Protein chains: 2
Amino acid sequence: MKIAEVSQRYGLSSDTLRYYERIGLLPPVNRAESGIRDYNDLDVRRVEFIKCMRSAGLPIEVLTAYIALVQRGDDTIPARKAILKEQRELLAARMNEMQKTLDVLDRKIAIYENAVLTREQDLL
Amino acid sequence: MKIAEVSQRYGLSSDTLRYYERIGLLPPVNRAESGIRDYNDLDVRRVEFIKCMRSAGLPIEVLTAYIALVQRGDDTIPARKAILKEQRELLAARMNEMQKTLDVLDRKIAIYENAVLTREQDLL
DNA sequence: GTAGCACTTAGAGTTTACTCTAAGTCAAGG
DNA sequence: CCTTGACTTAGAGTAAACTCTAAGTGCTAC
């Protein structure tokens, strides 16, 4: 699977995919003999995981550390679990903040709906 | 109310408060005769609004445009409503993404809980 | 076999949102 | 009065995550 296909499938630019690999977030991707990237199943699953985590705002640094632990084997399972648990709590906290903001927005929009109605009545 | 108090009350640094004012996100704040900022009630309410919206990731550019519209009077109510509605939808979409990621994290954590248990049993 | 498009790298540039620095002014306590 | 700590400005610097550029290589279609 070439980079353009992975790019399209996960909505990450080819530049971004190469960038992730260059900085060590995505471990070295499989290559064809010519040197062109040919993402295998494991590569693609990693991209999918990264895409998912990044879309929720988890920092590249944390994900890099996590994936490095996965590569180091089963001894690192407690450390990995700790990372995921921490990130899970941070994410839940961010969502909580966002829910409050969503509520504020909904209240303000409702007020504007009324204001617009009032204005419309004024204009008639 | 001086800048340090506003800073503490809303968890924004004094630098950030001055920055918001400098770039035109926060309209010019009330000043004491000496030139020192003395946030009045309206200033503080604006800070609270900005803090709330920023904490959910709404871009400064959008908030600046919105607050400028508020300053321009009631004629801008439909435009303001449109901004808030759009941002509300974008925020809801981000939260949706995050919920999916949260679910993935929870599944992975559950798997690790089992793995850790298994390892513990292995070690006994 | 050559045009043209996708691929490669290294490295520079961009965006967003701060955050810090330097040099100076103000206000309260001793 | 003078020190000390909070305040002021303009402008430079930083962090995170891309995104673009240039120069070159590989694959496919005519």
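Since the structure is predicted, the reported quantities are computational estimates derived from the model, not experimental observations. Letters A, B, ... mirror the listed sequences (proteins, then strands); counts begin at 1.
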Rounded interatomic separation in angstrom, taking CZ from R18(A) and C1' from dG24(D)
13 Å
Tell me the interatomic distance from L17(A), atom CG, to dC7(C), atom P, rounded to whole angstroms.
11 Å
Grab the CD1-P distance between I23(B) and dA10(D) for me, whole Å please.
15 Å
Atom CD of residue position E113(A) - does it have more than 12 heavy atoms of other residues, nucleotides or ligands inside 6.0 Å?
yes
Whole angstroms only, please: what is the CG-P distance between D38(B) and dC7(D)?
11 Å
Under 3.5 Å donor-acceptor, T101(A) side chain and C52(B) backbone:
yes
If you count heavy atoms of other groups shown closer than 6.0 angstrom to CD of E61(B), is the number above 12?
no
Apply ring-ring contact (aromatic ring centres under 6.0 Å, His included) to F49(B) and list each qualifying residue two or more places apart in sequence or on a separate chain.
Y66(B)
Hey, does R37(A) reach any base, or is it just sugar-phosphate, or nothing, if we go heavy atoms under 4.0 Å?
sugar-phosphate
Atom CD1 of I3(A) to atom C1' of dG26(D): distance rounded to whole Å?
15 Å
Spell out protein contact along nucleotides 16-29 of chain C as letters: B when the base is contacted, S when just the sugar-phosphate is, - when no protein heavy atom is under 4.0 Å; keep the 5' to 3' order.
-BBBB-----SS--
Is the shortest side-chain heavy-atom distance between V44(A) and E48(A) below 4.5 Å?
no
Among dT9(C), dT8(D), dC7(C), which is the nearest nucleotide to the side chain of R31(B)?
dT8(D)
In whole angstroms, the gap separating P of dA10(D) from CD of E21(B) amounts to 11 Å
Side-chain donor-acceptor contacts of residues 17-31 of chain B below 3.5 Å, not counting sequence neighbours, with atom names and distances?
residue : atom : partner : partner atom : Å
E21(B)  : OE1  : R37(B)  : NE           : 2.6
E21(B)  : OE2  : V29(B)  : N            : 3.1
R31(B)  : NH1  : G35(B)  : O            : 2.8

